[in-house]
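To keep things clear, I will list the structure first and then write my remarks on it.
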Amino acid sequence: MTNKDIIKGFRLLTQLMELHGANPFKTRAYSTAIQSMENAGTPLIGLNNDELIALGFSKTMAEKLVNWFSSGTLDDLEELKEKTPEGVIDMMGLSGVGPKKIAALWKELEIDSLDKLKVACEENKVQTLKGFAAKTEAKILQQVDFLKENKKRLHYAKAEKFAEVIVAFLEEKGIKNSLAGELSLKREVVDTLSFTVVAESSSQLKTSLSEFNQLILDEAKSSPLTVRGELVETGTSVEFFVCREEEFIKIAFQKSAAPEHLSLRGSADYPTLRDVLNKTEYSSIEDIYKNAGLPVFPVELREGEEYVGDFIKNGIPTLVEDEDLKGSLHNHSDYSDGQNTLREMAEYLKAKGYEYLGISDHSKTAFYANGLSVERIEQQHKEIDALNKELAPFKIFKGIESDILNDGRLDYDDDVLATFDFVVSSIHSPLTMDKATATARLIKAIEHPATTILGHPTGRLLLRREGYPIDHKAVIDACAKHGVIIEINSSPWRLDLDWRWAKYALDQGVKLSLNPDAHAVEGYADMHYGLLVGRKAGLTKEMTLNAMSLEEIETYFKSRKK
DNA sequence: GCCGTTTTCGGCCCGACTGTTTTCAGTCG
């Protein structure tokens, strides 16, 4: 049981307490315990009473935790779960609908599932409740549809984990295979896990797969050349395209690309990729592309986006690789809401062979994330200076993730902003804005001379919430004009800037930074996911900010401050 | 549930924003 699991359990517990009308001060005591968990900085499992109390837990909370660790159940939670239908717990995932509103829906309209909630909204029954009106009802309906639609979909990072397990099973069975569809294309969200596999027949494959207990096969959805099913754990669709050994290269290629990609050809003198594939067998992917008069597209680029035409015309750039990344920018320490100390964040990255760390804790307005006061900035800068002496030639850059305030201003006075090596400017709240407001707010921040990097441009959380709408062109153009770099926030939940806009940014000469937004040392690894989507837009080493060497980026940051 | 005593009980308490109201409750970062 990780700290994350423990926090999750306590979060659900506080929500259920609120739902069942517990004394709010009692609920607060549990919330305080969650705070202590987040700040613990060490695995809690197995700690005894005294050790927990030393970490700031109260006597009662320490006791509850110790009991949980030894018995395996959190009694308070089990008790409340018993009293709450599962569907009501599902409903708690709706944003903008808290425990009070859930209680009203449940107790007064007897709604205890997302399905029933959807029907009640459609029948306009929800707006009859006190405290609800047409606008709230519409918002709830939109949310329910969003949740239902996304329930079986996975973030790429999670899909990749499942894919690894499936591939390991196939390998163990000696079944030749290749990733296909959204997995091979590294799409940010995956609806279906697709694989091309070699088998004598689909029935032979089914026999093998029947031993795989994480998958339920679906006969009705399967066809002679495709075996379909779903993951037991999430209900996500899985499909296997069956082919013979001699067709493997051709079919694996065909299934790796977006359908629109197969309509490409070098010029009118050539057949399309689709026509090429229909003709004969091929011994290599190079051969397939050559026959269509095309350069070889790396797998991430096998999309049908309009800009793919540029790659045909101008050639395909050498895409950035994980090994090209020399440092990591936009990271949090326990000065704000990170899990690890500044030293831990730095030493870990140094040990991994990187040259520099950009630390950018939250700014003062983000008090929910323990944002930094001017005094604490000074304190952090002193610590950075000391660590830099100790860890040289590794270097920590002084940064901040400055909130972009409602009116587009940054979160500190100019003289404070001037003390940083770099500033990541991001919007955190409020997030509800129309396109014109959001765009103007961003552009004002981009125009501020202190802004080095624009953070997560739309604020989206994939599968959880849509970002605020922005005029991408206007925002990117403003970055180009003011020399501001845009991050691809590499958290699998964000991947924001979206890759569909990254090519436009690159064409305007705007560099991108693959920023993990790490809140713990494990978070650095997310840079890989930003890199994958960056590659989908043709991102090169030269256009990646954190592919600069220490010397280069040091010079760059200095030049920006003039 | 926590805290601190005028010590075992009563008060504790983020603030901005939204959508619902007609002065405020609920939600959220």
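Just so we're on the same page: letters track the sequence lines, and every chain starts at 1. FYI, side chains are in, hydrogens and waters are out, and symmetry mates aren't considered; it's all heavy atoms of this structure.
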query = If the sugar-phosphate is the primed atoms plus P, OP1 and OP2 and the base is the rest, what is the B/S/- string for nucleotides 12-22 of chain B, using protein heavy atoms under 4.0 Å?
reply = BBB--S-SS--
Whole-angstrom distance between [N] and [M], as gauged at atom [atom1]:
N	M	atom1	result
B/dC14	B/dG10	P	22 Å
B/dT23	B/dG29	P	30 Å
B/dT7	B/dC3	C1'	11 Å
B/dT18	B/dC9	C1'	38 Å
B/dG15	B/dT20	P	25 Å
B/dC13	B/dG4	P	12 Å
B/dC17	B/dC12	P	26 Å

task = Could you pick out which residue, A/Ser95 or A/Phe57, lies toward the 5' side of DNA chain B when each is mapped onto its nearest nucleotide?
result =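 Here A/Phe57 is the residue nearer the 5' end.
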ask   = So A/His362 and A/His519, would you call those rings parallel, tilted or perpendicular, with 30° and 60° as cut-offs?
value =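 Answer is tilted, since the angle falls between 30° and 60°.
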[X] [atom1] to [N] [atom2], straight-line distance once rounded to whole Å:
X	N	atom1	atom2	value
A/Lys26	B/dG1	NZ	C1'	7 Å
A/Leu65	B/dG1	CG	P	14 Å
A/Leu461	B/dG29	CG	C1'	12 Å
A/Ile34	B/dG29	CD1	C1'	14 Å
A/Gln15	B/dG26	CD	P	16 Å
A/Asp76	B/dG1	CG	C1'	11 Å
A/Gln35	B/dG29	CD	P	15 Å
A/Leu13	B/dG1	CG	P	11 Å

ask   = Using a cut-off of 4.0 Å on non-hydrogen atoms, how would the nucleic acid contact of A/Pro99 be classed: base, sugar-phosphate, or nothing?
value =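 Sugar-phosphate only.
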ask   = Does A/Tyr529 have its ring centroid less than 6.0 Å away from the ring centroid of A/His155?
value =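 Here the rings of A/His155 and A/Tyr529 have centres that are no less than 6.0 Å from each other.
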Partners meeting salt bridge (charged side-chain N to carboxylate O under 4.0 Å, His left out) with A/Asp76 (sequence neighbours left out) =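 Once residues adjacent in sequence are excluded, the partners of A/Asp76 under the salt bridge (charged side-chain N to carboxylate O under 4.0 Å, His left out) criterion are A/Lys64.
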inquiry  = Here's one to test your reading of the geometry: is the NZ or CZ of A/Lys101 within 45 degrees of the ring axis of A/Phe132 and under 6.0 Å from its centre?
reply    =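 Yes.
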message = Strictly distance-based, threshold 3.5 Å: is any side-chain N or O of A/Lys81 a donor or acceptor partner for the main-chain N or O of A/Glu86?
response =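 Side chain of A/Lys81 to backbone of A/Glu86, a donor-acceptor pair under 3.5 Å: no, none is there.
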query = If we ignore angles and hydrogens, is there a donor and acceptor under 3.5 Å between the side chains of A/His472 and A/Asp498?
reply =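 Checked: A/His472/A/Asp498 side chains show no N/O donor-acceptor pair below 3.5 Å.
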key: Rounded distance [0.5 Å steps], CG in A/Leu461 versus OG in A/Ser491   =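 Rounded to the nearest 0.5 Å, the CG-OG separation comes out at 7.5 Å.
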query = Who is the Watson-Crick or G-U wobble partner of B/dC17, with both distances under 3.5 Å?
reply =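 Result: B/dG26.
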key: Qualifying residue, where the test is side chain to side chain donor-acceptor pair (under 3.5 Å) with A/Asn515 and the options are A/Glu401, A/His456, A/Glu487, A/Arg494   =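 Passing option: A/Glu487.
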